[in-house]
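The next block holds one structure in the form of structure tokens; read it before the comments.
Here is how names work: the chains are called A, B, and so on, in the same order as the sequence lines, proteins then strands, and each is numbered from 1.
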Amino acid sequence: MEISRPRGTRDFLSDEMKQRKYVENTFRRVFENYGYGEIKTPIFEDLTLFTMKSGEAIKEEIYHFKDKGERDLALRPELTAPVSRLYLNELQRSPKPIKMYYFGSCFRYERPQAGRFRQFWQFGCELIGGKSPEAEAEVIAMAAHCLNEIGLTDYEFHIGNLGIIRSLLNDAKIPADEQGQIMGLVDKGDVEELENLLNNMDISGSLKEILLKLIEIKGHNEVIGEVRSIIKKCEGAFKALDDLEDLLNHLETFGFTNYIVNLGIARGLDYYSGMVFEIYVHGLGAQKQISGGGTYNLIEIFGGEPVESTGFAFGFDRVMEALKKQNAEIPVEGHVDVFVAPLSSNMRKDSFKIVQDLRRDGISADVDLARKKVKKLLSYADHLGVKYAVLVGARDIEDGKVTLKNMESGNQELIGLDNLAMKLHDELGID
RNA sequence: GCGAAUAUAGCUCAACGGUAGAGUAUAAGAUUGUGGUUCUUAGAGUUGCAGGUUCAAAUCCUGCUAUUCGCCCCA
């Protein structure tokens, strides 16, 4: 019986892994250039970690199980909660701000479709204890920097601030559960349903009007003035708007201005407190969001002292999809640079010695292991995409020489074994 | 969790009720130690799985599984 992959999972072959590695390494470089240090947390955690954050209902879409010690555990569905736990366990007394980044797979029991899998990868970061518009600006600039570095250009970067609408609702003494319903529809962008909902609630006509106007607003920093004129004497909302304006001004300084202010971003989750952002790439179907994040106060939920944090994550698989959609050039190198080919069967042992010498000299090299004929060997070397073939023949080896063949030009020369490694170092540009 | 489409060789697809084929990839060969082109040959499929209708099923029907597209949710 043939055993197949579990639903919603994927196998990655080496060509695809090369592309993923390239993007992964690029992101790593950028994050580290911004002063972030990599952390790793367990693949599974106490189930409570996630239910505390997202409510009991989250169990529906989590892989969770009891271990042999009757502990309730869960495969992590995201990484913000584990990182917050790590902070509480290890880093509460460290100097702030703390900059951490992570890359790892997460698991959700959901129905798979394009861009949505049961095992997927997130690349993200948390900046803990540095709440300020400039901290937020730096995080946003870094996210954009990452996309820039991998050559992804066709995206929309939406920035909002939950404080504005939340303050308005709080001032009007709207109960928490009703606020949740409202924010849910705001996030969905379902204006019609939202209007229905507001009509059924005990909400003044003017507030209703303000809300409906606010969520429609999209644009660059010029919309700040527009928003200010709409909000009527709500101190909290003005404060949040000032923060947003401050953030946008800082973004200019950090060199990123390709954003869209969008107050319709709600990000569903309650713990987001201020700035929120989402990045979309069109043409990816329903799963067009490649990244999301914002400023939150999650640590308090887990019982720590209040610390404002800002974080975001890239949906790594969706970033890869977006790159493919955009036909972005992903630099991919061949497996090896050199192939060592014995020209007759009694030259095999010499070939093995030669290939090992090359490898010890730091040259990536492969050798015939399938006892193929010379023609097939060169054909195979061609398939590997090597730059050079070393042809080991009995006549040459007597003089301590081999033939070095440039696979691209077809030129070949006789070269002493003593000089082979040095010559290849020069030709391949290896230090 | 709900609705819809699809499932044939490693890959891309054909056959549309009457013996499963092509392209491509793979392997071997075209006389001694030379590739990317060409030619010859070969292997490769219980047609996703399990039932049903029929003299006869890849083809029609049902269920299951998987993938894809929406809804939902998110990354």
Side-chain angles (χ1 to χ4, degrees), chain A residues 1-11 13 15 50 54-55 57-58 60-62 76-80 102-124 143 184-185 187-188 190 265-269 277-281 284-294 311-322 339 341-347 351 368 370-398 401-412 414:
Chain A
M1 189 184 80
E2 192 173 330
I3 296 170
S4 53
R5 253 177 293 134
R7 187 178 166 124
T9 62
R10 291 154 296 159
D11 295 315
L13 302 187
D15 279 352
F50 303 110
S54 311
I58 195 77
E60 288 298 313
E61 51 193 56
I62 286 186
R76 61 190 184 197
E78 45 92 19
L79 278 156
T80 301
Y102 52 78
F103 178 58
S105 57
C106 301
F107 304 82
R108 285 186 204 172
Y109 193 83
E110 286 184 297
R111 189 145 173 182
Q113 57 180 262
R116 190 167 83 187
F117 308 96
R118 290 187 166 180
Q119 181 184 16
F120 60 98
W121 275 260
Q122 285 195 341
F123 201 118
L185 288 174
D187 190 34
K188 246 174 101 175
D190 192 336
I265 299 177
R267 296 202 55 70
L269 297 162
F277 73 85
E278 295 183 346
I279 307 174
Y280 311 111
V281 172
L284 292 185
Q287 268 58 48
K288 62 177 182 168
Q289 190 189 323
I290 62 164
S291 177
F312 74 97
F314 285 111
F316 192 80
D317 310 278
R318 293 183 187 173
V319 170
M320 295 309 299
E321 280 301 307
F339 189 83
L343 291 174
S344 54
S345 55
N346 58 345
M347 286 296 103
S351 300
D368 173 42
R371 304 188 180 183
K372 289 179 198 262
K373 294 196 169 183
V374 180
K375 273 192 175 194
K376 304 288 179 187
L377 278 180
L378 284 167
S379 167
Y380 182 67
D382 199 52
H383 162 79
L384 289 181
V386 299
K387 298 181 183 93
Y388 286 92
V390 173
L391 308 179
V392 185
R395 291 203 293 272
D396 306 333
I397 212 84
E398 277 180 31
K401 291 180 174 170
V402 289
T403 302
L404 182 63
K405 182 183 180 76
N406 181 317
M407 292 299 282
E408 206 171 314
S409 65
N411 297 338
Q412 52 188 54
L414 220 47

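In this structure a side-chain-to-backbone donor-acceptor pair under 3.5 Å is present from Asp317(A) to Trp121(A). Between the side chain of Ser379(A) and the main chain of Lys375(A), no donor-acceptor pair closer than 3.5 Å is present. Proximity of a side-chain donor or acceptor of Arg10(A) to a complementary backbone N or O of Gln119(A) within less than 3.5 Å is detected. Remark: side-chain polar atoms of Arg118(A) are not paired, donor with acceptor, to backbone N or O of Pro112(A) under 3.5 angstrom. Of the possible donor and acceptor atoms, one in the side chain of Arg76(A) sits under 3.5 Å from a partner among the backbone N and O of Ser105(A).
For the C1' atoms, the distance from A44(B) to U8(B) is 14 Å, rounded to whole Å. The separation of A66(B) from A75(B), taken at their P atoms, amounts to 24 Å, rounded to a whole angstrom. The gap from the P atom of A57(B) to that of A50(B) amounts to 15 Å, rounded to the nearest Å. Going from the P atom of A9(B) to that of U46(B) covers 9 Å, rounded to whole Å. For the C1' atoms, the distance from U59(B) to U53(B) is 13 Å, rounded to whole Å. Nucleotides C55(B) and U47(B), compared at atom P, are 22 Å apart to the nearest Å. The same atom, P, is picked in A42(B) and in A4(B); the two are 47 Å apart, to the nearest Å. Taking the C1' atom of each, U19(B) and U62(B) are spaced 28 Å apart, rounded to whole Å.
Backbone-only engagement by Gln289(A) is indicated by non-hydrogen atom pairs under 4.0 Å involving sugar-phosphate atoms exclusively. When heavy atoms are screened at a 4.0 angstrom cut-off, Ala394(A) is found touching base atoms of the nucleic acid. Using a 4.0 Å heavy-atom cutoff across all strands shown, Thr403(A) reaches at least one base atom of the nucleic acid. Using a 4.0 Å heavy-atom criterion, one finds that Met347(A) contacts no nucleic acid atom at all. Residue Asp317(A) is out of contact with every strand shown, counting any heavy-atom pair closer than 4.0 Å. Using a 4.0 Å heavy-atom cutoff across all strands shown, Gly124(A) reaches no nucleic acid atom at all. Among the protein residues, Tyr109(A) comes within range of no part of the nucleic acid, since none of its heavy atoms lies under 4.0 Å from any strand. The residue Gly8(A) sits close only to the backbone: its heavy atoms come under 4.0 Å of sugar-phosphate atoms, none of a base.
Closest to the side chain of Arg116(A), out of A75(B), G33(B), G35(B), is A75(B). Taking the side chain of Ala114(A) as heavy atoms from C-beta on, and the options A75(B), U68(B), G33(B), the nearest nucleotide is U68(B).
Using cut-offs of 30° and 60° on the angle between ring planes, the pair Phe103(A) and Phe123(A) is tilted.
The environment of NZ in Lys405(A) is crowded: more than 12 heavy-atom neighbours from other residues, nucleotides or ligands sit within 6.0 Å. Atom OH of Tyr109(A) has 12 or fewer heavy atoms from other residues, nucleotides or ligands within 6.0 Å.
The shortest distance between side-chain heavy atoms of Tyr280(A) and Ile290(A) does not fall below 4.5 Å. Between Ile279(A) and Phe277(A) the shortest side-chain heavy-atom distance falls below 4.5 Å. Between Leu378(A) and Leu391(A), some side-chain heavy-atom pair lies under the 4.5 Å cut-off.
Applying side-chain contact (heavy atoms from CB on, under 4.5 Å) to Val392(A) and the options Asp368(A), Ile397(A), Thr403(A) leaves one that passes, Ile397(A).
Between the side chain of Lys375(A) and the base of U34(B) there is no donor-acceptor pair of N/O atoms closer than 3.5 Å. In the interface, the side chain of Gln412(A) is paired with the base of U34(B) through a donor and an acceptor atom under 3.5 Å apart.
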N/O to N/O distances under 3.5 Å, protein versus nucleotides 3-11 of chain B:
none

I'd like a list of close polar pairs between nucleotides 25-28 of chain B and the protein, N/O only, cut-off under 3.5 Å.
from: A27(B); atom 1: OP1; to: Lys372(A); atom 2: NZ; distance (Å): 3.2

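If you look at Phe312(A) and Phe314(A), their ring centroids are closer than 6.0 Å.
In this structure, the CD atom of Gln122(A) is 7 Å from the P atom of A75(B), given to the nearest Å. In this structure, the CZ atom of Phe339(A) is 16 Å from the P atom of U34(B), given to the nearest Å. In this entry the distance linking CZ of Arg118(A) with P of U65(B) reads 11 Å, nearest Å. The distance from atom CZ of Arg395(A) to atom P of U32(B) is 12 Å, rounded to the nearest whole Å. Computed from coordinates, the Glu321(A) CD to U68(B) C1' distance equals 12 Å when rounded to whole Å. Rounded to an integer number of Å, the gap from CD of Glu110(A) to C1' of C73(B) is 5 Å. Note: CZ (Arg5(A)) to P (U68(B)) measures 9 Å, nearest angstrom. Taking atom CD of Glu398(A) as the reference point, atom C1' of G33(B) lies 14 Å away to the nearest angstrom.
Taking the 5.5 Å centre cut-off and the 30° plane limit, the aromatic side chain of Phe120(A) is classed as stacked on A75(B).
Comparing Ser344(A) and Ile290(A) by the nucleotide of RNA chain B that holds the closest heavy atom to each, the one mapping nearer the 5' end is Ser344(A). Summary of the strand contacts: Gly315(A) and Val374(A) both lie near RNA chain B, and taking for each the nucleotide with the nearest heavy atom, the more 5' one is attributed to Val374(A).
For RNA chain B, if you chain together Watson-Crick or G-U pairs that step i with j, i+1 with j-1 and so on, the runs of at least three with distances under 3.5 Å are B:1-7 with B:65-71, B:10-13 with B:21-24, B:26-30 with B:38-42, B:48-52 with B:60-64.
Atoms CD and CD1, from Glu78(A) and Ile58(A) in turn, are 8.0 Å apart once rounded to the nearest 0.5 Å. Atom NZ of Lys387(A) sits about 13.5 Å away from atom OG of Ser409(A), to the nearest 0.5 Å.
The shortest distance between the side-chain N/O atoms of Arg7(A) and the OP1/OP2 oxygens of A66(B) is below 4.0 Å.
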